Amino acid sequence: MLKNTASAIWKGDLKNGNGTVRLYSAPGEFSYTFASRFENDNGTNPEELIAAAHAGCFSMALANILAMKGFKPVEIATTAVATLANPGNGFLITEMELNTKAKIEGIDNETFQMLASEAKLNCPISKTLATVAIKLNAVLM
């Protein structure tokens, strides 16, 4: 069993407070505030960190699936967009959009789309976000 650790500190109330997030595998801290989360101000936010995790996880899962099927992935670049909304029952991530561009040797687009969809369903972060609508836009370069 693998365990990964990150921490967060929040000081003050929601609107006027501020916090920091620390990833134990990387030096430094990332600041976040109400404004960075809800008003697109400078700093990070929890949803951005989840999007980063999903982009990384999906790219690795796709590379693995491609290699297992005999294809050689050269590069997989994924951007994930997490949508935070309040549909009436409190704020939650309502959608995650994965936008990936991949350079893969010897694959046709139909096979690529099928394997990208498989990676979307089976990467651990996708499974964790099972209650979130996950969209995929995959482009073969």
Side-chain angles (χ1 to χ4, degrees), residues 1-15 17-141:
M1 178 181 297
L2 299 173
K3 294 184 179 186
N4 293 284
T5 304
S7 64
I9 297 173
W10 185 262
K11 297 178 181 178
D13 64 27
L14 177 63
K15 284 259 188 175
N18 61 75
T20 56
V21 175
R22 181 172 179 239
L23 309 176
Y24 283 79
S25 63
E29 295 179 333
F30 302 93
S31 65
Y32 68 109
T33 63
F34 179 89
S36 71
R37 190 171 194 188
F38 296 105
E39 299 170 356
N40 290 321
D41 201 1
N42 292 331
T44 192
N45 58 68
E47 293 74 29
E48 180 180 49
L49 297 170
I50 291 171
H54 203 181
C57 184
F58 170 80
S59 294
M60 291 177 77
L62 180 55
N64 185 51
I65 289 169
L66 287 161
M68 287 175 37
K69 297 290 184 178
F71 298 104
K72 184 176 180 188
V74 177
E75 180 177 292
I76 300 168
T78 304
T79 302
V81 180
T83 300
L84 180 68
N86 185 346
N89 57 341
F91 281 95
L92 59 120
I93 295 175
T94 57
E95 180 180 280
M96 185 71 77
E97 182 177 329
L98 297 171
N99 297 294
T100 194
K101 292 183 180 180
K103 185 173 182 181
I104 314 300
E105 293 180 2
I107 194 169
D108 62 81
N109 191 54
E110 182 180 348
T111 304
F112 171 70
Q113 294 298 326
M114 180 184 68
L115 297 179
S117 292
E118 184 180 332
K120 179 192 91 165
L121 291 173
N122 293 308
C123 89
I125 301 297
S126 288
K127 289 178 180 180
T128 300
L129 298 174
T131 61
V132 176
I134 301 171
K135 294 184 177 181
L136 171 63
N137 301 307
V139 176
L140 185 59
M141 297 190 298

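This one's a predicted model, so the numbers in the text were calculated from it and none came from an experiment. Keep in mind that the numbers below use all heavy atoms, side chains included, and drop hydrogens, waters and symmetry copies.
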Which atom pair, heavy atoms only, marks the closest approach of [X] to [Y]?
X: L23; Y: A6; value: CD2-CB, 4.0 Å
X: A51; Y: A80; value: O-CB, 3.2 Å
X: T5; Y: Y24; value: O-CD1, 3.3 Å
X: A138; Y: F112; value: CB-CE2, 3.6 Å
X: N89; Y: N86; value: N-OD1, 3.5 Å
X: A116; Y: F58; value: O-CE1, 3.4 Å

Tell me, yes or no, whether the heavy-atom count around [X] atom [atom1], taken from other residues, nucleotides or ligands under 6.0 Å, exceeds 12.
X: E39; atom1: CD; value: yes
X: I9; atom1: CD1; value: no
X: N40; atom1: CG; value: no

Roughly how far, to the nearest 0.5 Å, is the [atom2] atom of [Y] from the [atom1] atom of [X]?
X: E48; Y: Y32; atom1: CD; atom2: OH; value: 13.0 Å
X: T83; Y: E97; atom1: OG1; atom2: CD; value: 7.5 Å
X: N99; Y: T78; atom1: CG; atom2: OG1; value: 8.5 Å
X: E95; Y: I134; atom1: CD; atom2: CD1; value: 10.0 Å
X: T128; Y: H54; atom1: OG1; atom2: NE2; value: 8.5 Å
X: T20; Y: W10; atom1: OG1; atom2: CH2; value: 10.0 Å

Any heavy-atom pair between the side chains of [Y] and [X] that's under 4.5 Å?
X: M96; Y: I50; value: yes
X: T131; Y: L92; value: no
X: N45; Y: L84; value: no
X: T111; Y: F71; value: yes
X: R37; Y: P46; value: yes

[X] (side chain) donor-acceptor with [Y] (main chain) under 3.5 angstrom:
X: E105; Y: V74; answer: no
X: S126; Y: N122; answer: no
X: K120; Y: L136; answer: no
X: S36; Y: T44; answer: yes

Full working for side chain to side chain contact (heavy atoms under 4.5 Å, CB included) between I76 and L66: CA-CA 11 Å; I76 300 168; L66 287 161; 4.1 Å; yes
